[in-house]
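Contents: one structure, followed by commentary.
Below, chain A is the first sequence line, B the second, and so on; all start at residue 1.
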Protein chains: 2
Amino acid sequence: MKNKIKVLRAEYELTQEQLAEKVDVSRQTINAIEKGKFDPSLPLAFKISKLFKMSIEDIFQNE
Amino acid sequence: MKNKIKVLRAEYELTQEQLAEKVDVSRQTINAIEKGKFDPSLPLAFKISKLFKMSIEDIFQNE
DNA sequence: TTATTATGTAAAGTTTGTTTTACAAATATA
DNA sequence: TATATTTGTAAAACAAACTTTACATAATAA
């Protein structure tokens, strides 16, 4: 699953660390998701979606 | 996290078993999600969303 | 250049999602 | 009623998400 987190994070001028704090996960988790190492849980996807004011479907693309 | 799977499943006249087959998980997984025991993974949420032709946000409600 | 900040990554451990097997209870059908 | 189907649930095992610690590299600022 692909995602636009890196781009959105740049638009919002947030470091991985800052984004991690805002959505309550570790920096490594954000890094792993950006690098496609694993997918976020649905609750985390919701938090990211809310923060960036975009739908989950617009941020995450299934395959 | 709440969800409308039970209602959608009824509209589509699918048993838990049939829905499970269509989205490639076990019947117990569907049951657990319907009963709110845990949240689906994001990939599973996408499959369910696609099957019912509704957005993830319309099927799953955060908190 | 040196120091600081940001990113990539890895290993060990915990938590949560999922499977399998199994059985009991509820609901529908004969 | 009796039988079959559907749903609820539970335990053990496994997989995936996530944390913590730690270190190395890349980029930025002093």
Side-chain angles (χ1 to χ4, degrees):
Chain A
M1 181 140 46
K2 297 223 61 171
N3 68 75
K4 298 175 179 161
I5 294 179
K6 188 165 189 172
V7 173
L8 290 167
R9 193 167 56 75
E11 287 176 7
Y12 279 75
E13 296 183 38
L14 295 173
T15 65
Q16 291 182 345
E17 176 75 45
Q18 291 168 334
L19 172 55
E21 280 169 19
K22 284 183 187 283
V23 297
D24 261 317
V25 291
S26 69
R27 176 180 69 83
Q28 286 77 354
T29 292
I30 296 298
N31 187 280
I33 293 170
E34 277 192 11
K35 307 293 282 183
K37 299 213 175 136
F38 53 70
D39 300 318
S41 66
L42 185 56
L44 178 51
F46 264 98
K47 285 185 184 178
I48 293 170
S49 161
K50 188 173 181 182
L51 179 66
F52 290 137
K53 302 179 180 19
M54 285 179 61
S55 73
I56 289 177
E57 287 85 351
D58 282 344
I59 300 177
F60 302 93
Q61 296 87 37
N62 210 9
E63 77 231 82
Chain B
M1 183 141 48
K2 294 226 62 171
N3 69 73
K4 298 177 178 160
I5 296 179
K6 189 166 188 173
V7 173
L8 290 167
R9 192 167 58 73
E11 286 175 8
Y12 280 74
E13 295 184 37
L14 294 173
T15 65
Q16 293 182 342
E17 175 76 44
Q18 290 168 334
L19 171 56
E21 280 170 18
K22 283 181 187 284
V23 295
D24 261 316
V25 291
S26 68
R27 176 181 69 81
Q28 285 77 355
T29 291
I30 297 298
N31 187 281
I33 293 170
E34 278 192 10
K35 306 293 281 183
K37 298 213 176 135
F38 52 72
D39 301 318
S41 67
L42 185 56
L44 178 51
F46 264 99
K47 285 186 184 178
I48 294 171
S49 161
K50 189 174 181 184
L51 179 66
F52 290 137
K53 302 178 180 21
M54 284 179 62
S55 73
I56 288 176
E57 287 86 350
D58 280 345
I59 300 177
F60 301 93
Q61 296 85 39
N62 208 11
E63 82 228 80

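If you check every strand for non-hydrogen atoms under 4.0 Å, Ser26(A) touches a base. Contact annotation for Thr29(B): base contact, defined as any heavy-atom pair under 4.0 Å involving a base atom.
Side-chain atoms of Ile56(A) and Leu42(A), non-hydrogen and from C-beta on, do get closer than 4.5 Å to each other. For the pair Glu11(A)/Leu8(A), a side-chain contact is recorded, criterion being any heavy-atom separation below 4.5 Å from C-beta on. Within the 4.5 Å cutoff, the side chain of Asn3(B) has heavy atoms near those of the Ile33(B) side chain.
The separation between Lys6(A) atom NZ and dA26(D) atom P is 14 Å, rounded to whole Å. Remark: P of dT28(D) and CD of Glu17(A) are 18 Å apart, rounded to the nearest angstrom. Counting to the nearest Å, the C1' atom of dT7(D) and the CD1 atom of Ile5(B) are 15 Å from each other. For the pair Asn31(B) CG and dA22(C) P, the interatomic distance rounds to 19 Å; values are reported in whole Å. Lys37(B) places its NZ atom 13 Å from the P atom of dG17(C), with the value rounded to the nearest Å. Going from atom NZ of Lys35(A) over to atom C1' of dA26(D) covers 12 Å, rounded to whole Å. Between the CD atom of Glu13(A) and the P atom of dA6(C) there is a distance of 12 Å, given to the nearest Å. As a whole-Å value, the separation of Asp24(A) CG from dC18(D) P is 12 Å.
Looking at the side chain of Thr15(B), the nearest of the listed nucleotides dT6(D), dC18(D), dG17(C) is dT6(D). Between dT18(C), dT7(C), dG8(D), one nucleotide has an atom nearer to the side chain of Pro40(B) than all others, and that is dT18(C). Ranking dT9(C), dT18(C), dT19(D) by closeness to the Arg27(A) side chain, first place goes to dT9(C).
The shortest distance between the side-chain N/O atoms of Ser41(A) and the OP1/OP2 oxygens of dC18(D) is below 4.0 Å. One finds a side-chain N or O of Arg9(B) lying less than 4.0 angstrom from the OP1 or OP2 phosphate oxygen of dT7(D).
The shortest heavy-atom contact between Asn62(A) and Pro43(B) is ND2-O, 4.3 Å.
For Gln28(B) and dT21(C), a side-chain-to-base donor-acceptor distance below 3.5 Å is present, hydrogens and geometry of angles not being considered. Judged by distance alone with a 3.5 Å cut-off, no donor-acceptor contact links the side chain of Gln18(B) to the base of dT6(D).
Under the 4.5 Å side-chain contact rule for hydrophobic residues, Val7(A) and Leu19(A) do not share a cluster.
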